[in-house]
Amino acid sequence: MLCFQSRLREAAADAVKQLLPESADNDLGSVCTWADHVKFHYHWSSALHFIDTPDNLCTYQYNRDCKDEDGVKGRCVAGAINNYTTQLLSYNSASSSHSEYNLTEALLFLSHFIGDIHQPLHVGFTSDRGGNTIDVHWYTRKQVLHHVWDNNIIETAEERFYNSNIDGLVDAIQQNITTDWADLVKKWETCSANNTACPDVYGPQPLYKYASEGIKAACDWAYKGVSEGSKELADEYFNSRLPIVKLRLAQGGVRLAATLNRIFG
């Protein structure tokens, strides 16, 4: 997850500085993976990282799809974004030290989950658990398809184009935001109907529906041309999918900053 902290306005930057743990040294990006590490301790949080949708429909509906394996409604990544956004809104109405919520954890969860909902296959098919049961080969290495999108495409890009340095990839994406994607950024930032966060707003603007974008990207790019035991996903897959990964990383980072600006503004 890219956390474009430089896009935060003063009020949001101050709030983030107050809420971040001291170990983060005021760097939100350094703790954006925290939620992955704690799900083995907070077992209840595992279901909040993804959404399973009906196989091959390539659509998302909150009431139908946002639930955990036990059918408990709201326990999915879209529900989690809504929940932690609501918790963080209490920062403005009371001192964070007196809040009924752990607002530091709320910030870390929200930052991570906005990243997750933008990663194709965190909104995926039910039968393969978002590509987690589809075995493929990433070049010569055996992997599951979900891991290819979580890690391998990014790592391969870093190795080939950025001297194995994540900062080079981040800089390239930030440059695209100010050039190739500059006309789109305002649409990415905006929530319709004055919502603070919009993981699943139903309106005329499909760009506002993060989860719907996710399952569409999964169908159009992640799953497409892939079958169980595919011999190899290599240059053709990598070169055609890398622009999608960069776009989704950019959208997630821009939208996280915009959401925090609305929460703390």
Side-chain angles (χ1 to χ4, degrees), residues 1-38 45 48-49 76-119 122 170-171 173-174 176-178 181-182 184-201 205 207-211 213-214 247-265:
M1 172 62 189
L2 300 186
C3 300
F4 294 143
Q5 203 162 341
S6 62
R7 300 184 68 86
L8 296 179
R9 294 194 288 269
E10 184 177 358
D14 288 345
V16 167
K17 184 176 182 179
Q18 292 297 318
L19 291 176
L20 281 175
E22 187 174 335
S23 59
D25 196 24
N26 197 32
D27 179 7
L28 182 57
S30 70
V31 288
C32 273
T33 60
W34 172 85
D36 273 340
H37 300 307
V38 299
S45 72
L48 304 183
H49 291 254
C76 78
V77 66
I81 289 171
N82 288 326
N83 176 45
Y84 289 112
T85 296
T86 298
Q87 290 190 22
L88 286 169
L89 285 169
S90 70
Y91 180 86
N92 290 324
S93 58
S95 169
S96 58
S97 62
H98 294 97
S99 172
E100 63 179 300
Y101 306 114
N102 184 325
L103 296 185
T104 292
E105 291 193 353
L107 173 64
L108 303 188
F109 273 128
L110 178 67
S111 301
H112 183 88
F113 292 145
I114 287 183
D116 275 351
I117 205 170
H118 283 83
Q119 199 277 79
H122 276 260
V170 173
D171 290 343
I173 292 173
Q174 288 182 316
N176 281 343
I177 287 172
T178 59
W181 299 326
L184 298 173
V185 168
K186 187 63 177 177
K187 293 181 180 179
W188 295 350
E189 289 179 322
T190 304
C191 273
S192 63
N194 295 318
N195 288 287
T196 305
C198 38
D200 39 47
V201 170
Q205 305 91 345
L207 281 174
Y208 299 158
K209 296 182 280 189
Y210 308 165
E213 290 175 359
L247 177 66
R248 294 303 278 166
L249 287 171
Q251 289 174 321
V254 166
R255 284 166 169 167
L256 171 59
T259 300
L260 294 176
N261 283 333
R262 285 190 290 270
I263 290 171
F264 298 118

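Predicted model only: the values in this text are computed from it and were never measured. We count residues from 1, following the sequence as given.
- Rounded to the nearest 0.5 angstrom, Asp36 CG and Ser45 OG are separated by 9.0 Å.
- The minimum heavy-atom distance linking Gln5 with Gly29 is given by the pair OE1-N, 4.4 Å.
- Residues Arg9 and Asn261 are in side-chain contact: their nearest non-hydrogen atoms beyond the backbone lie under 4.5 Å apart.
- A distance of 13.0 Å separates NE2 of His122 from SG of Cys76, quoted to the nearest 0.5 Å.
- We find the CD1-OG1 distance between Ile114 and Thr259 to be 4.0 Å, quoted to the nearest 0.5 Å.
- With contacts defined as side-chain heavy-atom distances shorter than 4.5 Å, the pair Asp25/Ser30 does not qualify.
- Contact check for Gln18 versus Tyr91: side-chain heavy atoms found under the 4.5 Å cut-off.
- Across every non-hydrogen atom of Tyr84 and Leu110, the tightest pair is CB-CB, 4.1 Å.
- Contact detail for Ala80 and Leu48: the closest heavy-atom pair is CB-CB, 3.9 Å.
- Nearest heavy-atom pair, Gln87 versus Ala106, reported as atom, atom and distance to 0.1 Å: OE1-CB, 3.7 Å.
- Scanning all heavy atoms of the two residues, the minimum distance from Ile173 to Ala250 falls at CG2-CB, 3.6 Å.
- To the nearest 0.5 Å, atom CG of residue Leu89 and atom CZ of residue Arg262 are 10.5 Å apart.
- With a 4.5 Å cut-off on side-chain heavy atoms, Trp34 and Glu105 count as touching.
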Check against side chain to side chain contact (heavy atoms under 4.5 Å, CB included), Arg7 and Ile177: CA-CA 11 Å; Arg7 300 184 68 86; Ile177 287 172; 3.8 Å; yes
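- Proximity of a side-chain donor or acceptor of Thr104 to a complementary backbone N or O of Leu19 within less than 3.5 Å is detected.
- Here the OH-OG1 distance, from Tyr101 to Thr86, works out to 7.5 Å after rounding to the nearest 0.5 Å.
- Looking at Ile81 and Phe109, their side chains never come closer than 4.5 Å, going by heavy atoms from C-beta outward.
- Nearest heavy-atom pair across Ala24 and Val31 is CB-CG1, 4.0 Å.
- Between Phe4 and Val170, some side-chain heavy-atom pair lies under the 4.5 Å cut-off.
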Side chain to side chain contact (heavy atoms under 4.5 Å, CB included) for Leu260 and Leu107? Distances and angles first, verdict last. CA-CA 9 Å; Leu260 294 176; Leu107 173 64; 3.8 Å; yes
For Asp116 and Tyr210, run side chain to side chain contact (heavy atoms under 4.5 Å, CB included): C-alpha distance rounded to whole Å, both residues' side-chain angles, the deciding distance at 0.1 Å, then the answer. CA-CA 10 Å; Asp116 275 351; Tyr210 308 165; over 6 Å; no
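- Considering Asp171, Asn176, Thr178 in turn, Asp171 is the only one that fulfils the side-chain contact (heavy atoms from CB on, under 4.5 Å) rule with Gln174.
- Under 4.0 Å is where a charged nitrogen must lie from a carboxylate oxygen, and between Glu10 and Lys17 no such pair does.
- Annotation: the span from Ile117 atom CD1 to Leu256 atom CG amounts to 12.5 Å, rounded to 0.5 Å.
- With hydrogens and angles ignored, the 3.5 Å screen pairs a side-chain donor or acceptor of Arg255 with a backbone N or O of Trp188.
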Just do the side chain to side chain contact (heavy atoms under 4.5 Å, CB included) check on Glu213 and Arg248 with the steps written out, would you? CA-CA 9 Å; Glu213 290 175 359; Arg248 294 303 278 166; 2.5 Å; yes
